[in-house]
Asks: 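Quick one: this structure, given as structure tokens, is what I'll be asking you about.
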Amino acid sequence: MRYDHEDIPESAQLDLRGRRALVVVPAYNEEDAVAGVIRDLRRHAPWADVLIVNDGSADETSMRARRAGVTVIDLPVNLGIGGAVQTGFQYAYAHGYDMAFQFDGDGQHRARRLADLAAPLLAGEADLVVGSRFLRPRGMTARGLRLVGIKMLCSAISAVVGQRVTDPTSGFRGAGRRAIELFAQEYPQDYPEPESLVLMWRQGLRVREVPATIRRRRRGVSSIGAMTGIHYMSRVLLAVLMDAVKAPVRLEGEVA
Amino acid sequence: MIWTQTIVLLLLGALLLGLTLELIRKRRLREEYAVLWVCTGLMILVFAIMPGAILSAAEWLHLDRGVLMTFLCFVFLAAIVLHYSVVLSRQAGREKALSQELALMKDEIDRLRGEIREAPPPAPEAKPKPPALRT
């Protein structure tokens with residue numbers, strides 16, 4: 001933990017009331033962005049530990065993250081975003097964290113805004129808090145076909161879970177203890193962000209959206225970008241409908 | 001006509017059985033899957049020896065023999081492909097779990113290594129004596 005304490009602004013402090021928080025950063029070939037992301041987290045969310053999950057990168061992601069002084073988990077093969085994020089939840093569960101946040105390794109999320117996600121968790125009002133770009137549209141939002149796709153996906157997921165969902169593809173989220181336990185054991189692989197909302201509903205856990213803005217991505221491309229509009233949406237819809245009929249997961253600790 | 005069919009089927013069945021046994025012998029096929037192919041080979045042999053069976057089945061179902069055979073082949077292949085899809089899904093899940101477990105353990109090892117390096121060397125007299133064996 002080498003960093004300048006003088007560098008941290010007063011406003012970045014957050015009273016966790018004795019609870020421990022972990023920020024999980026999935027990173028796949030993010031050697032240019034990863035150090036900046038860690039710096040942002042250190043400066044604007046010093047109350048949380050940082051875990052980089054290197055998803056089988058072929059570049060220097062792992063080395064640069066280690067040099068920045070954070071814990072790095074190196075996956076031996078590329079598992080995709082779902083598998084990488086789940087590894088972070090497994091780490092959080094094994095090390096007894098009370099909150100685990102998902103934070104993109106490409107620099108599009110703002111560490112300053114993590115406190116917004118933490119508040120409902122600390123108050124015990126939700127098991128999963130999702131930062132939504134569309135609750136109060138500011139900064140970057142979606143356009144064109146992408147927007148149409150997201151709108152339709154919103155309607156479908158809202159109908160399934162019986163709760164208004166405005167940004168199901170948001171990867172800026174925070175999980176409480178019960179969600180950490182669930183995700184450590186069962187986490188969707190194909191389209192983890194929207195699918196996990198259905199999983200939460202299936203397990204009877206509470207999801208809450210809070211407004212969030214994201215930056216225009218500095219580098220890299222969206223994992224969604226290549227598969228635009230109708231194709232992406234129909235694949236996600238199918239996955240979501242399949243999730244809706246899956247049997248609920250029995251957690252290891254529960255009595256049959 | 002019926003004899004050529006019997007001979008072709010006999011050869012086919014024998015070939016499949018032989019190939020399966022050879023693959024098992026070379027450890028390139030797990031018994032789990034070998035059972036499937038041995039059964040398939042035996043079925044072909046049954047059809048070869050009793051060509052009447054398929055004819056009477058076709059008559060009973062009021063189907064043309066060719067149609068029935070095509071249908072059976074399709075069902076057989078579809079069942080195998082479905083079975084493999086299930087196996088592949090299971091393998092993907094296991095592979096993921098193994099990768100995650102491995103990555104987490106690597107981190108744990110690094111942490112323990114660091115702790116060992118930082119820990120002071122143990123005092124020599126602190127070494128516990130093995131308890132005397134009582135018989």
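In what follows, chains are A, B, ... by sequence order, proteins preceding strands, each numbered from 1.
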Asks: Does B:Arg90 have more than 12 heavy atoms from other residues, nucleotides or ligands lying within 6.0 Å of its CZ?
Replies: yes
Asks: Let me know if A:Val53 has heavy atoms under 4.5 Å from chain B in its side chain, its backbone, both or neither.
Replies: neither
Asks: Might you confirm whether atom OH of B:Tyr84 has over 12 heavy atoms from other residues, nucleotides or ligands at distances under 6.0 Å?
Replies: yes
Asks: For the atom pair OG (B:Ser99) and CG (A:Asn78), what is the distance rounded to the nearest 0.5 Å?
Replies: 10.0 Å
Asks: Given that the side chain runs from C-beta out, which part of A:Gln189 has a heavy atom under 4.5 Å from chain B: side chain, backbone, both or neither?
Replies: side chain
Asks: A:Glu60: what forms a side-chain contact (heavy atoms from CB on, under 4.5 Å) with it, not counting sequence neighbours?
Replies: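 Checked A:Glu60 against side-chain contact (heavy atoms from CB on, under 4.5 Å); matches are A:Glu31, A:Met63, A:Arg64.
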Asks: For A:Leu75, is it the side chain, the backbone, both, or neither that has a heavy atom closer than 4.5 Å to a heavy atom of chain B?
Replies: both
Asks: Show me, pair by pair, the donor-acceptor contacts under 3.5 angstrom made by side chains of residues 101-108 of chain B, not counting sequence neighbours?
Replies:
unit_1, atom_1, unit_2, atom_2, d
B:Lys106, NZ, A:Asp74, O, 3.4
B:Asp107, OD2, B:Arg111, NH2, 2.8

Asks: Do you know which of B:Glu95, B:Lys96, B:Gln100 has the most heavy-atom pairs under 4.5 Å to chain A?
Replies: B:Gln100
Asks: Check this for me: A:Arg17, atom CZ, are more than 12 non-hydrogen atoms of other residues, nucleotides or ligands nearer than 6.0 Å?
Replies: yes
